[in-house]
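Excluded from the calculations below are hydrogen atoms, water molecules and symmetry mates; all remaining heavy atoms, backbone and side chain alike, are included. Here, residue 1 is the first one in the sequence, and each next residue gets the next number.
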Amino acid sequence: MDKRYIISINQLADFSKATPAGKRRIIKQQKQPNKFKVAWYQLPKARIRKAIANNCDLEPIFAGINELKLRKPEKPRQVLDREVSLEALRRFVNIKLPHLLKDVPHEIIKKVETKSIVVNGVEIIISPDVIYKLRLYGKTYIGAVKVHISKNNVFDNKQSRYISSLVYKYLKESVIKEGEEVLEELCLSIDVFGEKVIQTPKNLPKAITDIEILCEEVKSIWNVA
């Protein structure tokens, strides 16, 4: 595999809808990532991960809302981060998560050998927010969730299906052990500002074919960007 081609799962979702100029911009960012770029919305991401890990217990969400209310940001960036983070947590409360995640006890898988998979020669960084294992009808199932928080860039259903499809493929190829199965209903793309949860599509092969075509396009732009 050519190690040069590498893109994160959310950037690939962006790429799928971008204009030609937007696609070139995304590839340039992937080729020369900004090492000093400060990550946004760290608190809501952490609180949402904790809530999902704890069978969708909303206590970490409410605690996060209270913590943010007490913050006194000074810089404009901090003010915006606090405002959007508060809205993200409040929106998450309204999202209807699958009953399986709420009602069936699960354990969290924290250590994985790799956080990425290779599709059509492109390494896609999946890095799920939570990977869980649960017992159901005498079988052991694995699922995972990828959370997207962006007020100005809500993923549509097609983009979310690409993400849940890649989460499924990643678990199938890189995480499950002998005697375990990936549960399609629990490979989830959660778009917080879209207030939606999208599971692996029924027509998974079609989604994977679409992603392979996208990866071909990533490579062709990469070589000229």
Side-chain angles (χ1 to χ4, degrees), residues 1-41 45 109 111-131 142-176 182 184 186-194 196-225:
M1 185 199 94
D2 193 330
K3 268 287 186 190
R4 287 182 311 150
Y5 307 122
I6 183 164
I7 190 166
S8 71
I9 188 171
N10 284 349
Q11 289 294 319
L12 188 68
D14 281 335
F15 183 90
S16 71
K17 289 288 297 283
T19 61
K23 287 178 177 178
R24 287 194 297 275
R25 190 168 58 249
I26 288 167
I27 296 302
K28 279 183 176 168
Q29 286 169 352
Q30 296 297 302
K31 285 174 86 168
Q32 296 172 322
N34 181 355
K35 290 185 172 64
F36 302 104
K37 192 176 179 183
V38 183
W40 288 78
Y41 319 133
K45 283 175 183 171
I109 298 174
K111 287 190 175 173
V112 288
E113 285 183 20
T114 178
K115 292 183 176 181
S116 62
I117 52 169
V118 178
V119 178
N120 197 5
V122 175
E123 183 178 355
I124 304 171
I125 301 164
I126 311 296
S127 204
D129 290 284
V130 185
I131 305 174
I142 306 290
V145 61
K146 187 74 183 175
V147 178
H148 178 58
I149 299 176
S150 177
K151 187 169 181 176
N152 301 318
N153 181 25
V154 173
F155 286 160
D156 65 19
N157 286 356
K158 192 172 188 181
Q159 288 171 298
S160 295
R161 283 196 297 271
Y162 287 158
I163 287 173
S164 56
S165 299
L166 282 166
V167 166
Y168 176 87
K169 186 174 171 65
Y170 162 76
L171 294 178
K172 189 112 175 145
E173 292 181 6
S174 301
V175 177
I176 60 167
V182 181
E184 292 180 14
L186 284 182
C187 294
L188 306 172
S189 167
I190 298 180
D191 192 293
V192 173
F193 278 91
K196 62 174 177 262
V197 181
I198 302 284
Q199 65 184 48
T200 309
K202 292 283 179 271
N203 194 352
L204 179 63
K206 165 77 169 68
I208 297 298
T209 300
D210 287 351
I211 291 163
E212 287 171 351
I213 292 166
L214 283 173
C215 288
E216 199 58 48
E217 198 177 353
V218 165
K219 290 190 288 189
S220 65
I221 294 173
W222 193 287
N223 291 327
V224 294

- [ ] List the steps and the verdict of side chain to side chain contact (heavy atoms under 4.5 Å, CB included) for Asp210 and Lys206.
- [x] CA-CA 6 Å; Asp210 287 351; Lys206 165 77 169 68; 3.0 Å; yes
Would a distance-only check, ignoring hydrogens and angles, find a side-chain to backbone donor-acceptor pair under 3.5 Å from [X] to [Y]?
X      : Y      : result
Asp129 : Val147 : yes
Glu184 : Thr200 : no
Lys172 : Val182 : no
Lys31  : Trp222 : yes
Lys158 : Lys17  : no

Open item on the list: Could you go through Gln199 and Leu186, starting from their C-alpha distance and side-chain angles, then the distance that decides it, and tell me whether this counts as side chain to side chain contact (heavy atoms under 4.5 Å, CB included)?
Closed with: CA-CA 7 Å; Gln199 65 184 48; Leu186 284 182; over 6 Å; no
- [ ] Using side chain to side chain contact (heavy atoms under 4.5 Å, CB included) as the criterion, list what pairs up with Asn153, not counting sequence neighbours.
- [x] Asp14, His148, Ser150, Phe155
For a 4.5 angstrom cut-off between non-hydrogen side-chain atoms, does [X] reach [Y]?
X      : Y      : value
Ser127 : Ile9   : no
Asn223 : Arg4   : yes
Glu173 : Val118 : no

Atom [atom1] of [X] and atom [atom2] of [Y]: how far apart are they, to the nearest 0.5 Å?
X      : Y      : atom1 : atom2 : result
Leu204 : Thr209 : CG    : OG1   : 9.0 Å
Glu216 : Ile213 : CD    : CD1   : 9.5 Å
Ile109 : Ile176 : CD1   : CD1   : 10.0 Å
Lys151 : Trp40  : NZ    : CH2   : 12.0 Å
Cys215 : Ile124 : SG    : CD1   : 4.0 Å
Ile6   : Ile27  : CD1   : CD1   : 11.5 Å

So which heavy atom on [X] is nearest to which on [Y], and how close?
X      : Y      : result
Tyr170 : Ser116 : CE1-N, 3.9 Å
Gly121 : Tyr5   : O-CD1, 3.6 Å
Ala13  : Gln159 : O-NE2, 2.8 Å
Cys187 : Val167 : CB-CG1, 4.0 Å
Lys146 : Ile126 : NZ-O, 3.0 Å
Ile221 : Phe15  : CD1-CZ, 3.7 Å

- [ ] Please step through side chain to side chain contact (heavy atoms under 4.5 Å, CB included) for the pair Ile163 and Ile198, ending with a clear verdict.
- [x] CA-CA 9 Å; Ile163 287 173; Ile198 302 284; over 6 Å; no
Task: Residue pair Val122, Lys219: steps toward the side chain to side chain contact (heavy atoms under 4.5 Å, CB included) verdict - done: CA-CA 7 Å; Val122 175; Lys219 290 190 288 189; 3.6 Å; yes
